[in-house]
Structure formats: C-alpha cells, structure tokens
Amino acid sequence: MFKFLSEKSLRAFIFSLSLSLIYITTFFQISYGAEHNKDALTKLTKLNIEELMNIEVDTVYSASKFVQKTTQAPSYVSIITSTDIKRFGYRTLADILNSLSGFYISYDRNYQYLGIRGFSSPGDYNSKILLLIDGHRINDNIYNTAYIGNEFILDIDLIDRIEVIRGPSSSIYGSNAFFGVINIITKNGSKIDGFELLGEAGSFDTYKQRITFGKEINKKFDLILSASFYKSHGQNLYFKEFDNPATNYGRAEGVDGEKYNSFFGAIKYNDFTIQGGFKTRDKIIPTAPWNSVFNTHMTNTNDTTGFLNFKFKRDIDTDTTFMSRVFYNYYYYDGNYIINKPPVVRTKDLSWGKSWGAETQLNKRIMEKHLITAGIEYQDNFLQKQRNYDELPYTEFLNDRRNSYQWGAFLQDEFSIKDNLILNAGLRYDYFKLFFGNASPRLGLIYNPNKTTILKLLYGMAYRTPNVYELYYNDGNITQKANPDLHSERIHTYEFVIEQFFKNYRFVVSGFYYRIDNLITQVIDPSDGLMVFKNLDDIEAKGIEFEAIAKWKQNIEAKLNYTYQEAKNKDTGRLLVNSPRHLIKSNFYVPIINKKFSSGLEFLYSGKRKTLGGRYAGGALLTNLNLLSEDIIKGLNVSATIYNLMDKKYGYPGAGEHIQQVIEQDGRSFRLKLTYTF
Amino acid sequence: MSIFLGKLLEAELYKFSEYEVKAAFIFNFSKFVSWPEGHFSKRKRTINLCILGTGFPLNTFDYFEGETAQNYTFTKKRVKDLSDIDGCDMLFICSSERFRIDQIIKTVKNMPILTIGDTEGFAEKGVIINLYMEENKVRFEINIDAARQARLSISSHLLKLARIIQNK
C-alpha cells in the first residue's frame, strides 16, 4: 500500500496520525481496562427499556428504496447525521461530503464541485451524482447540477441525516445516479419543538441568520418552517496570471461577495406530506472566467432554485408500502459577464428550467423471502431555455427553447436466499424523448459469514443522458460551441466491500473497478480552439478504500479513511484532470466536559491533482478545529470553528473558462455560531 | 445518560437490526407485567414466550433464552396453532396472522397471556402491547383495556413510556 504513496502524502499521513494521537492523549486518558463482552448482542439483554428506546437501528432507505440495514444494502453506504454536522462545524453540504471516504471537492470561487472515485471533470457541473431531498430529485434540468455549496437549496442545519450510496443506482433512480446517490433527510418539526434562532459571524465579513419554527402538533400533524439569510463580503484574492498594471496587479479586491436567502417548509398530516424549498443566491466571480474583465463586481451570477413535493405514503400492512407523489421543480440562472470584446459589454447568460412529474412506488414482501420494489416515474421538462446575448449593443448569440419528457419503470427483488445470504437484483428501463431507451441493471450479493462480518459483491450499470447545456449551449462560438450529436455516457462497475465489526471498531475495505464508455467531457477542439462537450472513449478507474471507525469510552469517536484511486483515459493512459490519487481523512470527536464542552478535530488530505494545462495543483493537508458547547445555558449552543488551522496555501484546478491553472482557496478562517432554541 | 452511553459503547458500533431490538423489548416486557396470583405454580419456574406465525426471525430470541426476569427463566417456542398455546405466558403474534387477528384475540382475550405484536393496528384490535418504529427507533403502544381483561397488571413505569390505546 505504501508503494503507492508519494513521499509527500506519506508525510502528511504520518503527520495527521501523530497530531491526532497528541490531541487525544492531551485531552483525556482512554480507560483501556474496560470489560469487553464477547458479543455486542449479549449486551442487548442487559439494557433496560429506556436504553432500548434510545437505540437507533442503523438503516438506510435510499440504497434500495425501502428501509434496510446498511450492512444489507447493495452498496458501500455512509450515513451522516445532524450530530456530525454540529460536532465538526460543517458549513455546507460540500464540507460534509468532503469528510467521507472516496469523496473530494473543488471550488472555483463560484460553485463547489464534487469528486467521487477519481472523477470531477472541469466543466461538469456535478451532473454525475444524483442529489435528493427526502427522495425528491434536486438536480436541475439544464445542467443537471447537484448543488453542494452555498448554492444548495437547503440550510444544512435543517438536515436530519444524509444517506450516501456509492456506486451506480440507475437501476432504481434512472439518469444521473452514475457515481452515487445522496439523499438528504430533513428534520421533522418535532426535532425543533419550538423556535430556533441562529446567528453566525465569520471571517471575511460573513454573517448568517436563521429562524425556524417546528412543532409536532399531535401524532398526526407535524410542521416545520424556516428562513435563512446569508451575506459574505468575501476575500481579497491574488491571481498571478493577472499580475500586470492593467489588471490591478492580479489583486481581485471586494469581488468575492456572496449572499443568499432561503426558505423551507414541510407539513405532514397522517400519510400526506407537502414540502417546498426556495433559494436565491448571488455570487460575485473574482476569477474573470470566459475572458471577462478582471476585478469587477459586475461579473456575477444568480441561481434561483425551488421545488414543491406533494407526497402520499402509507404502510398498508407490515409487508406492503405504497407511495405516490407529484412534484414541481423551478430553476433560474442569471449570469452577468463584463467582457471587453471591444467595446466593453455586459454579456447576459441565462437559463430557465421548469418541470413537473409524478412517481408511484410499491414495496411488497412476498413468500417470506422476497421483498419486491416496483415503481414508475414520469417527468415533463416543459421548459428548458438558454439565452446568451450582449446588452449594448444588443447582439443575440443564443436563444434556445426546448422541452422534453422522460419516463421510467423499475423492478427490484431483495431475495433472502438464506438467513445470511441476500441477493439484491434490480432493473430499470427509461425512455427519453431525445435518446430512446436505456436499461440499467444492478446486482448485489450480500453475505454474512458471521454476525460481525459482511461481504458484498456488487455489479452495476448506469447511464447519463447529455443535458441541454452540453447539447445546445454556445456563446456565439466565441469560447464555447454546441454539440447536438452527443449521446449517453454509460458506466459498468464492479465492487467488493468487506465490513468487519471488532469490539468497538468497525473496519471497511472496498475495492472498485469502473469502466465508462462515451464519457461526456468538455474538451478544446483543436480545429477552432473552442470548448465543446464530446463523448470520449474508454475511461477506466480502479481503486481501494479503507475505513476505520472507533468509539471509545466517554463517547470519544474517531474515524480514519484512506482512498487510493486511479482514473485514466484508457487510450492515452493518462490520469484524468482534477483526480487526486490519494485521499486521507480523519476526524476525532472528544467530549472534554461531557456535552457542555466538546471538540471536533478534522484532517483532510487530498493528493496532487492534474490541471487542464498538464500542470499540478499540489496536495494539501487541511486541519479544521471545532469547539462546541451544548446547552451552555438551557437551549443555547455555541460553536467556534477554525478552518484551515495551519493556514495552508492550496488551490484546485481551474476549468476551461479560467485562465488560472490553479484557483487559490481560503487560508485560515473563523466562524462563531450561536443557536438558541426555546 | 453518560452511564447509559458507557454501557452501550461497544454495542453502539455494531448496529442492531430492528428485530434484534424488538426482541430485547419483548424480553424486557416480561419484567414489567404481573400475572394474576397463582398463575405461576411452584413447579413452574419459567416465563414462556410463544411465537405465533412467521416473519419474525425466531433466532433473534436466542440471546434471551435462559435469562431471568422476575426470578423466572425466560424461554421461547414457536407455536403452530392456537390450540398449542397452553402454558404460554406471553404470545407474540407475527404480522402473518393479521388476517385472523380478530379470531386470535377472541380466543385469548380472557386468558392471562401478554399478547404482543409489531403490526400497525394490532393494539386497536386488542393486542396488549404493540411495537412500532419511529425515526429509526422502536416505540410501543399499550392497550390498557386489553391488559385489564387479561387480568394482567402493567407497571406504571412501562405505561409512562408507552402510547396508551383504549378499546373503542
């Protein structure tokens, strides 16, 4: 294993390990002599009713569209809870996902991008990950973006838990469930139980307020309403590519600002749920993309997203569940780019996406050993519009209005062959107005040789249809041109997972091999120098992940994971852009004085990543430290976080629209967060 | 709370299945119920849990077999039919029996048997304790009228933790 590790990453790894050890031994002494019972299960017999009522059954819904134990899911599953979010001071969904094995992020100072298993191509707006809120698809219908930064529609304090399903799940979800599925489960009103007020202040003049009301009126009726407001002045940045007198010596000053307003509400009455979310976010872009003028606050974007979800779900009996829902999605993007063509013009880049759809699903246990899940889904994209024009003098480059529809049907059987052997087999067929049919199978074999060992063998095939942005977008063929001849990309995956519980430790090893045909990637056409999306041939990714989780006495918890991954173009043998070979993450939670005062320490290492120009963005080890005080006075939680504690200088690869090879990220920064519940 | 967490530490990483936790609940119920006087004779030193129907994995009760509750040894057996319930102190009615639940309740309602289920609507039908899931945690409801009819008295401690159901 260490052969793979470059000296630098090895150093980082050892450094983070030793730091953690120092950290742990400074704050407490682990009482080792603890009596270890032979089997966790025998402990169950010793618990009383109150204790039993506190046990959470570790289940996941999103992997198979029914509630199952994570260890029985046909995937390597991770669950993040609101407790984790609190403990480590996470600010965005990107922060949360970055702590997981095999995940990495990048940020171009406008949007955050998610990398998984070695894939995060510049120009791809997170379209290969399916993002759900309570099962509802959030990816828009223009770029298919899964927003994970401040642009993500939901305030992360409203997240109850997140289910992360690695590997393709097109067999139950259809398009976009390519590398994985992330399902966000929101809090019920009962979790808030009253009013919650939040105030936050952080580096770079960042302020946030939130007010939430949540209540379970009675057993049948639950309500939550929330509004959040955020404003940040942002950093002053330096870009060496612009270091000349005409462009303010590369200094981008006061052009990193961001603000958003977001709203969320849900009403549950018996088997009915109505849920809606809305967010509008503005961001000034400091990087001068698409040849825009450097250092102006007039180059900015607005992203507005909204959804409505009306759901009916009933457990007809213990063996049968019926779910049906109708939904509506709204998306609006308004980009302003100041470009010196000459003359200096404001180029408007706009898109509108609207869709509605319906879905019905049935889970039924038959003949004891089979759990059948079947569903049909329809989505009507009644508006997919993109515009691009110069304001003065008015010149129109793009006015492309489309609509499309898709429907899909799937069937899945979880077959308990024996008490300790499960076969999970699923197949979905989707039909697209533009792309005919796609069939996606998935097979999982889950075997428990004993109570504490789980083996999973997984095979999956998934696809993603090109989106209207990749197909039709062009800006008058100045920087980017359309390619209506694109076809779907397809992935075949093979994976094994071994999970072992040992005393108070849990170990996971997962090995994967992915093959992608016709990967949709943004490239520069050498004949005209324009950016264009093309189906590239034969991409191959393989890798291995290790994870260890420990819980010690006094509620101390530690997590360590390491990923080695290699995603290559098979023809050229070259590593993909923005694809680090090594990822190491580790975090520690230590209660210093119970819950009154606790701390969460996190180390995140990502190896060097290749840039579009064939150079490298160096690897970086980031350290985040959160100090948390719960119920300091009744109802008041205080959290103080230092991000990038060591003030490490680092950057992420830029995309085709950037002159910068590497885009610098934030140095050391702070946040103070107060939450008061009454 | 911290003592509780300490006890659970090891167990917590190994996440239990719904059935394992439910089995633990069922075992625990035996500690909070008093059967009518004279129910346990001198030679009977066991509390017998009978399981009627299919669907609930029987081996999850293995861990509780031989444990003691109220000085009695806890044992379990599967019963094929209602005619076999002689000697049962507790009767777990699996979800597979939902179509004949009315008939089962009619037979056992006057016997000193603690009936338990984990099927929605069972408590309203006259099952004394019914388990249900709420946000990944196991909860239970108690039909106090049904308990009275079976001449079982349930400790107030247990009642406090339960959702109370009354016969309509």
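Naming: A, B, ... by sequence-line order, numbering from 1 per chain.
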Please determine if A/Lys634 and A/Asp631 form a salt bridge, counting it only when a charged side-chain N lies under 4.0 Å from a carboxylate O.
-> no

With a 4.5 angstrom heavy-atom cut-off, could you sort out which part of B/Phe27 is near chain A: side chain, backbone, both or neither?
-> side chain

B/Asn48 side chain vs B/Asp89 backbone, donor-acceptor pair below 3.5 Å | no

Which one, A/Gln72, A/Arg161, A/Met53, leads in non-hydrogen pairs under 4.5 Å with chain B?
-> A/Met53

Please flag which part of B/Phe32 lies under 4.5 Å from any non-hydrogen atom of chain A: side chain, backbone, both or neither.
-> side chain

A/Lys369 versus chain B, the contacting section by heavy-atom distance below 4.5 Å = neither

Sub-4.5 Å side-chain heavy-atom contact between A/Glu499 and A/Tyr76 | no

Salt bridge A/Arg87-A/Glu557, side-chain N to carboxylate O under 4.0 Å | yes

